[in-house]
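To start, the structure itself, in C-alpha cells.
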Amino acid sequence: MPHFQVGDALLIVDVQNDFCPGGALPVPDGDTIVAVLNKWIAAALQANVPVYASRDWHPSDHMSFAPHGGPWPVHCVQDTPGAALRSDLQLPHDAVIIDKGIDPADEAYSVFANTDLAQRLGQADVKRLRVGGLALDYCVRASVLDALKEGFAVHLIADATRAVNIKPSDGDKALDEMREAGVIIEGTTP
Ligand code: VGL
Ligand code: ZN
C-alpha cells in the first residue's frame with residue numbers, strides 16, 4: 001500500500017494520447033500504466049495529497065519535431081486530440097495541470113523547465129514526490145533529476161512508467177542514473 005502523508009504529492013508526467021499506442025510517438029505499453037496510476041490517484045485523494053499532471057504542450061513549429069530538424073515526429077501539438085491527457089486517467093477535479101515544451105526553441109523534457117512547478121510545490125509545502133508517467137527515458141528521467149536538484153525527495157513508481165527504448169537499454173540506464181542521483185524506486189501497484 002502507498003503510504004501518502006502530509007507533505008507528499010503525486011506527479012503524473014505526460015500521460016497523453018500521443019505517447020500511447022496509436023499515438024504519434026507511442027511508448028510501448030504506455031497505456032498500461034493508466035490503471036496503475038488510477039490506484040495511486042485514489043490513494044492520493046484519500047490521503048488529501050495534491051495531484052499534479054503535466055502535458056507535453058508544443059507549438060506546431062517546435063524544434064523537437066523532425067520537420068524542424070528535431071529527433072521526434074510531430075507530437076503533442078497544443079489543443080489537438082493527441083495532446084489530450086488520456087481520458088481514462090481518473091484525475092481529481094482539483095488536479096493541477098502543468099504545460100511544458102511551449103517555447104518553440106526549447107526541448108524542455110523536464111516538468112520543471114520554464115514552468116512554475118517548483119514554486120507551486122513549495123507553496124503547497126510539498127517535500128516528497130511520487131512520480132509516474134511517460135516516458136521513463138525522457139521526460140520522467142529529466143523531471144525526476146530536476147526534482148532531486150530542487151531538493152525534493154523523489155519516489156519513482158516503477159510500474160507506473162514505461163520507456164521509449166530507442167536503444168533497448170535506455171530505460172534501464174535512466175533507472176540507474178536516477179538511482180545514483182538519489183531516487184527511491186518503489187515497485188508494485190498500491
Ligand atoms: C517526451 C519525447 C519528446 C516525453 C516528450 O514526454 O517523455 N519524449 N517529447
Ligand atoms: Zn515533446
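In listed order, ligands and their atoms are each counted from 1. Excluded from the calculations below are hydrogen atoms, water molecules and symmetry mates; all remaining heavy atoms, backbone and side chain alike, are included. Everything numeric in this text was worked out from a predicted model, so none of it was measured.
Protein atoms that are N, O or S and lie under 2.8 Å from the Zn ion (ligand 2) are these: Asp56 OD2, His58 NE2, His75 NE2.
Annotation: cation-pi geometry satisfied between Arg130 and Phe4 (NZ/CZ under 6.0 angstrom from ring centroid, within 45° of ring axis).
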Taking only distance into account, with no hydrogens and no angle test, what donor-acceptor pairs under 3.5 Å do side-chain atoms of residues 101-112 form with protein atoms, sequence neighbours excluded?
residue, atom, partner, partner atom, Å
Asp103, OD1, Ala105, N, 2.9
Asp106, OD2, Asn114, ND2, 2.6
Glu107, OE1, Tyr109, OH, 3.4
Tyr109, OH, Trp72, NE1, 3.0
Ser110, OG, Phe112, N, 2.9
Ser110, OG, Asp146, OD2, 2.6

Can you list, pair by pair, the side-chain donor-acceptor contacts under 3.5 Å of residues 22-32, counting residues two or more places apart and other chains?
residue, atom, partner, partner atom, Å
Thr32, OG1, Asp29, O, 2.6
Thr32, OG1, Arg162, NH2, 3.4

Practice task
In sequence, state the C-alpha distance, the side-chain angles, and the governing distance for Arg55 and Cys76, and then conclude on side-chain contact (heavy atoms from CB on, under 4.5 Å).
Solution key: CA-CA 8 Å; Arg55 298 188 295 195; Cys76 296; over 6 Å; no
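Between Leu136 and the options Val13, Asp170, Val144, Leu156, a side chain to side chain contact (heavy atoms under 4.5 Å, CB included) holds for only Leu156. With respect to Asp56, the side chain to side chain donor-acceptor pair (under 3.5 Å) criterion is satisfied by exactly one of Gln16, His62, Lys100, Gln78: Lys100.
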List, for ligand 1, each N/O atom that has a protein N/O partner under 3.5 Å away, with both atom names and the distance.
residue, atom, partner, partner atom, Å
ligand 1, 6 (O), Asp14, OD2, 2.7
ligand 1, 6 (O), Leu134, O, 3.4
ligand 1, 7 (O), Ala135, N, 2.9
ligand 1, 7 (O), Cys139, N, 3.0
ligand 1, 9 (N), Asp56, OD2, 3.1
ligand 1, 9 (N), His75, NE2, 3.1

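Environment of CD in Glu180: sparse, with no more than 12 heavy atoms of neighbouring residues, nucleotides or ligands closer than 6.0 Å.
In this structure, His75 and Phe19 have tilted ring planes: the angle between them lies in the 30° to 60° band.
Looking at Asp176 and Arg179, a side-chain N of the basic residue comes within less than 4.0 Å of a carboxylate O on the acidic one, giving a salt bridge.
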